[in-house]
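None of the values given here were measured: they were computed from a predicted structure.
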Amino acid sequence: QVQLVESGGGVVQAGGSLRLSCAASGRTFGSYTMGWFRQAPGKEREFVAAIKWITGRTYHADSVKGRFIISRDNAKNTLYLQMNSLKPEDTAVYYCAADPGTGFDYSFRYRAYDYDYWGQGTQVTVSS
């Protein structure tokens with residue numbers, strides 16, 4: 001049973017930084033792609049970034065490229081999202097997600113329905 005537990009959300013002023021963490025357990029994740037998504041009130045869940053667990057190769061959405069960085073610590077089985085230069089429009093619940101069996105694929109999947117496992121989410125609020 002895969003379990004994903006996010007932490008690190010909070011309230012920050014525009015221009016500030018936060019680092020989200022996602023503790024993953026229940027599997028070895030070498031064959032997985034891990035991702036971050038976000039969902040603002042009244043909006044669909046949106047892809048933020050993804051990483052191939054075994055190679056560390058990453059992909060970021062255009063809306064966060066240059067500001068957010070996804071990474072992982074294999075030894076700790078933990079996924080991270082470093083968020084810099086935060087904007088009010090980044091306000092959302094942020095979710096960690098796991099896509100099994102795609103860790104060696106060249107391409108990244110960015111639709112929420114492609115990811116099989118989800119955390120409970122952590123709220124990020126950016127004030128102007």
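- The backbone N or O of C96 sits less than 3.5 Å from a side-chain atom of E6, completing a donor-acceptor pair.
- The shortest non-hydrogen separation linking Q123 to T125 is NE2-OG1, 3.3 Å.
- Formation of a donor-acceptor pair under 3.5 Å by the Q82 side chain with backbone atoms of F68 is not found in this model.
- A cation-pi arrangement is found for R19 relative to Y80, the charged atom lying closer than 6.0 Å to the ring centre and inside a 45° cone about the ring normal.
- Contact between W118 and A112 at its shortest, heavy atoms only, is CZ2-O, 3.3 Å.
- Between the D105 side chain and the S107 main chain, no donor and acceptor come within less than 3.5 Å of each other.
- Residue I69 is not grouped with residue F37 when hydrophobic side chains (ILVMFWY) are merged at heavy-atom distances under 4.5 angstrom, including chains of intermediate members.
- Without hydrogens or angle criteria, S63 side chain to A61 main chain gives no donor-acceptor distance under 3.5 Å.
- I70 and I54 are members of different hydrophobic clusters when ILVMFWY side chains are connected at heavy-atom separations under 4.5 Å.
- The nearest pair of heavy atoms linking L4 to A24 is CD2-CB, 3.7 Å.
- Here the options are Y59, F108, W36, the test is ring-ring contact (aromatic ring centres under 6.0 Å, His included), and the partner is F47; only Y59 passes.
- If you run side chain to side chain contact (heavy atoms under 4.5 Å, CB included) between W53 and each of D99, N74, T102, T33, only N74 comes through.
- One finds the CD atom of E44 at 11.5 Å from the CZ atom of R111 (value rounded to the nearest 0.5 Å).
- Cluster annotation: I51 is connected to L81 through the hydrophobic network of ILVMFWY side chains, with a link wherever side-chain heavy atoms come within less than 4.5 Å.
- Between the side chain of T28 and the backbone N or O of G30, no donor-acceptor pair lies under 3.5 Å.
- Judged by distance alone, the side chain of T91 and the main-chain N or O of V126 form a donor-acceptor pair under 3.5 Å.
- When all heavy atoms of R67 and D90 are compared, the closest pair comes out as NH1-OD2, 2.8 Å.
- Comment: K65 engages D62 in a salt bridge, judged by a side-chain N to carboxylate O separation of less than 4.0 angstrom.
- For the pair R38 and Y95, the cation does not sit on the ring face, since its NZ or CZ is not both under 6.0 Å from the ring centre and inside 45° of the axis.
- Under the 3.5 Å distance criterion, the side-chain polar atoms of S17 are left unmatched by any main-chain donor or acceptor of N84.
- Taking CZ from R27 and CD from Q3, the interatomic distance works out to 11.0 Å, rounded to the nearest 0.5 Å.
- Scanning all heavy atoms of the two residues, the minimum distance from Y115 to G35 falls at CE2-N, 4.0 Å.
- Residues L79 and M83 are members of one and the same hydrophobic cluster, defined by side-chain heavy-atom contacts under 4.5 angstrom among Ile, Leu, Val, Met, Phe, Trp and Tyr.
- A cation-pi arrangement is absent between R72 and Y32 under the rule of less than 6.0 angstrom and at most 45 degrees off the ring axis.
- Atom OH of Y110 has 12 or fewer neighbouring heavy atoms from other residues, nucleotides or ligands inside a 6.0 Å radius.
- One hydrophobic cluster, built from ILVMFWY side chains closer than 4.5 Å, cannot hold both V93 and V48; they sit in different ones.
- Closest approach of S128 to P88, counting heavy atoms only: CB-CG, 3.9 Å.
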